[in-house]
Number of protein chains: 2
Amino acid sequence: MIKEVKAWILSIGNEILIGRITNTNASWLSKRLTFLGVKVTRIITVPDEIDDIVEEIKRGLDKADLIITTGGLGPTYDDKTIEAVAKALNKELILNSIAFDMIKKKFEIANLPMTKEREKMAYLPEGGIPLKNSVGTAPGLFLETNNKIIISLPGVPKEMEAIFEEEVINRISKILPPISVVECGFKLVGVPESSIAPILEQIDKKFSNLYIKSHPKGIEVSNPILEIKVLASDNDKSEAKKKAESALEIVKEEAKKLNGKISEEYC
Amino acid sequence: MIKEVKAWILSIGNEILIGRITNTNASWLSKRLTFLGVKVTRIITVPDEIDDIVEEIKRGLDKADLIITTGGLGPTYDDKTIEAVAKALNKELILNSIAFDMIKKKFEIANLPMTKEREKMAYLPEGGIPLKNSVGTAPGLFLETNNKIIISLPGVPKEMEAIFEEEVINRISKILPPISVVECGFKLVGVPESSIAPILEQIDKKFSNLYIKSHPKGIEVSNPILEIKVLASDNDKSEAKKKAESALEIVKEEAKKLNGKISEEYC
């Protein structure tokens, strides 16, 4: 039997606890982790308070293999995540020169100098690796300790997602279960993206561990060309393939009704 | 100083942990509780497993005054919330005759008999009070123990919200801080609801502890009549009133631009 990889998601931020923000970061991450074969066993939202964050990180280190935090990485006084990670792991906060350069470059482009607040984002716990933020300024954090991995990502969804895709997946792949991911798709000509969108949404709801996307390549109304792409994962490769094909079959049926033409199929 | 009332929200359900559902129940509840002067200090999503639910309920009883769970109240085998509440409190599960009648009535309307699965929803921990579910079938649970309150609500948002508004607020009012809630509003003629909607959304984001809603009373395009209603809360009554008035001021300005007519103002 394959060893289960358990993850905890810690969402840090009072704005979630007062109901100003719905925690879409957690649902995005849990969907993405599930797809990668990881079992998410807790999603916990904590206030912007060191003691609360430390408490939940410690519990997570005890119960999970992987902890991903979101939020609290910025330059302001209430961004306390990194300090809390260091405290939970009993590690010193050190100015990381790679992180420093990443941040400096970001602000140089905007002709802004480094300040104490900006420098704050370059401090990482000992042994921490900064994760490049291609969208925003605060680098993420990757840290391995006692066979556990802790990752801190920003709270801004676009930044969080970019760092996860570009910097996290490759770093956690070694602990991921040997799951099979299959990609299938086709080109669809003659159907506007907005006409096929409800069907993709239905498929997304119907299947677990399946991603379906349409990429518009033509002109929406006058000359619609779409690339339909589906990714399916499963312990068993043929099951993953079957799932991907079933999903595409639904799209094909709908496309036929709308007089769309399918070509360049692959799986 | 007013004693702080702390609440934990426990969201129960694997469908959240695999990212199939975004936890909008938690954001709705935390907004509503914040408005009532309660401080939400954790939102925790747990799997549909007795041990996990028990663990977090026990922690919650230790750290908060109020625990609200959502999800896991239905008739199926994976609905384990009530059993977990009983276990966490070391109480017996007892067939509650009021709950039984509530459920029986619901199914009688649909000409359906009571079954073992339906009867399951009538078992509550000793001392538990069933909360009437005006939308669905499973009653909620209200339980007071050692100066703590634990409330279990269904996972279906419409049911959860209805029980909270109709059955929960009056029961928790005795532990709520003496917060002032002010209601102000006016009638707006000549502006379609869809034109004013973005402004209401902006206001919702701008102010904390403030609810703004439009109730359409006319015909959207040909004869739009809206009731605009705002609820604001604060420790201080005049502050709450000020906040409500500021919010309505923004609506008024926008209404003027759109040639709307305001009447029947109250505050």
Side-chain angles (χ1 to χ4, degrees), chain A residues 4 6-49 51-53 55-56 59-60 62-64 68 157 161 164 201 203-211 233, chain B residues 4 6-49 51-53 55-56 59-60 62-64 68 157 161 164 201 203-211 233:
Chain A
E4 222 171 39
K6 288 184 185 169
W8 275 34
I9 297 171
L10 296 187
S11 306
I12 293 152
N14 295 335
E15 68 276 25
I16 302 171
L17 294 168
I18 62 168
R20 235 181 220 248
I21 284 182
T22 299
N23 196 354
T24 54
N25 278 344
S27 53
W28 189 91
L29 274 174
S30 45
K31 191 169 191 176
R32 208 69 194 80
L33 289 166
T34 303
F35 186 84
L36 294 167
V38 174
K39 193 170 179 186
V40 178
T41 55
R42 285 289 187 287
I43 299 170
I44 303 184
T45 305
V46 289
D48 299 305
E49 300 292 343
D51 291 348
D52 292 277
I53 308 170
E55 178 187 337
E56 299 296 0
R59 288 181 66 226
D62 187 40
K63 307 242 178 174
I68 301 186
E161 292 170 17
F164 187 86
E201 205 185 320
I203 291 169
D204 181 67
K205 279 187 186 140
K206 185 173 177 183
F207 296 91
S208 56
N209 295 345
L210 183 134
Y211 268 100
S233 78
Chain B
E4 221 171 39
K6 289 182 184 170
W8 275 33
I9 296 171
L10 297 187
S11 307
I12 293 152
N14 295 335
E15 68 277 25
I16 303 172
L17 294 168
I18 62 170
R20 234 181 221 250
I21 285 181
T22 300
N23 196 353
T24 53
N25 277 345
S27 52
W28 188 90
L29 274 173
S30 44
K31 193 170 187 172
R32 206 71 192 81
L33 289 167
T34 302
F35 186 83
L36 295 167
V38 175
K39 192 170 179 184
V40 178
T41 54
R42 285 289 187 287
I43 299 169
I44 302 185
T45 305
V46 290
D48 298 306
E49 301 293 343
D51 291 347
D52 290 278
I53 308 170
E55 179 188 336
E56 299 295 0
R59 289 182 67 225
D62 187 38
K63 306 242 177 175
I68 301 186
E161 292 169 18
F164 187 86
E201 205 186 321
I203 290 170
D204 181 66
K205 280 188 185 141
K206 186 173 176 181
F207 296 91
S208 56
N209 296 345
L210 184 134
Y211 269 99
S233 77

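Lettering of chains follows the sequences in order, A, B, ..., and the numbering in each one begins at 1.
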Using heavy atoms and a sub-4.5 Å threshold, report which of residues 6-17 of chain A line up against chain B, by residue number.
A:I16, A:L17
What distance do B:I44 atom CD1 and A:T45 atom OG1 have between them, rounded to the nearest 0.5 Å?
8.5 Å
For residues 12-31 of chain A, which residue pairs pass the ring-ring contact (aromatic ring centres under 6.0 Å, His included) check, not counting sequence neighbours?
A:W28-A:F164
Of the listed residues (B:D204, B:N23, B:D52), which shares the most heavy-atom pairs with chain A below a 4.5 Å separation?
B:D52
For A:E49, which atoms come within 4.5 Å of any heavy atom of chain B: side chain, backbone, both, or neither?
neither
Using non-hydrogen atoms only, which part of A:I21 is less than 4.5 Å away from chain B: side chain, backbone, both, or neither?
backbone
Under 4.5 Å, heavy atom to heavy atom: which of residues 33-43 of chain B reach chain A? Give them by number, or say none.
B:T34, B:V40, B:T41, B:R42, B:I43
Go through B:V46, B:N209, B:I18, B:T24 and name the one with the most non-hydrogen pairs under 4.5 angstrom from chain A.
B:I18
Is there a side chain to side chain contact (heavy atoms under 4.5 Å, CB included) between A:T22 and B:T22 once you walk through the steps?
CA-CA 8 Å; A:T22 299; B:T22 300; 3.6 Å; yes
Salt bridge (Lys or Arg N to Asp or Glu O under 4.0 Å) partners of A:K63, counting only residues at least two apart:
B:E55
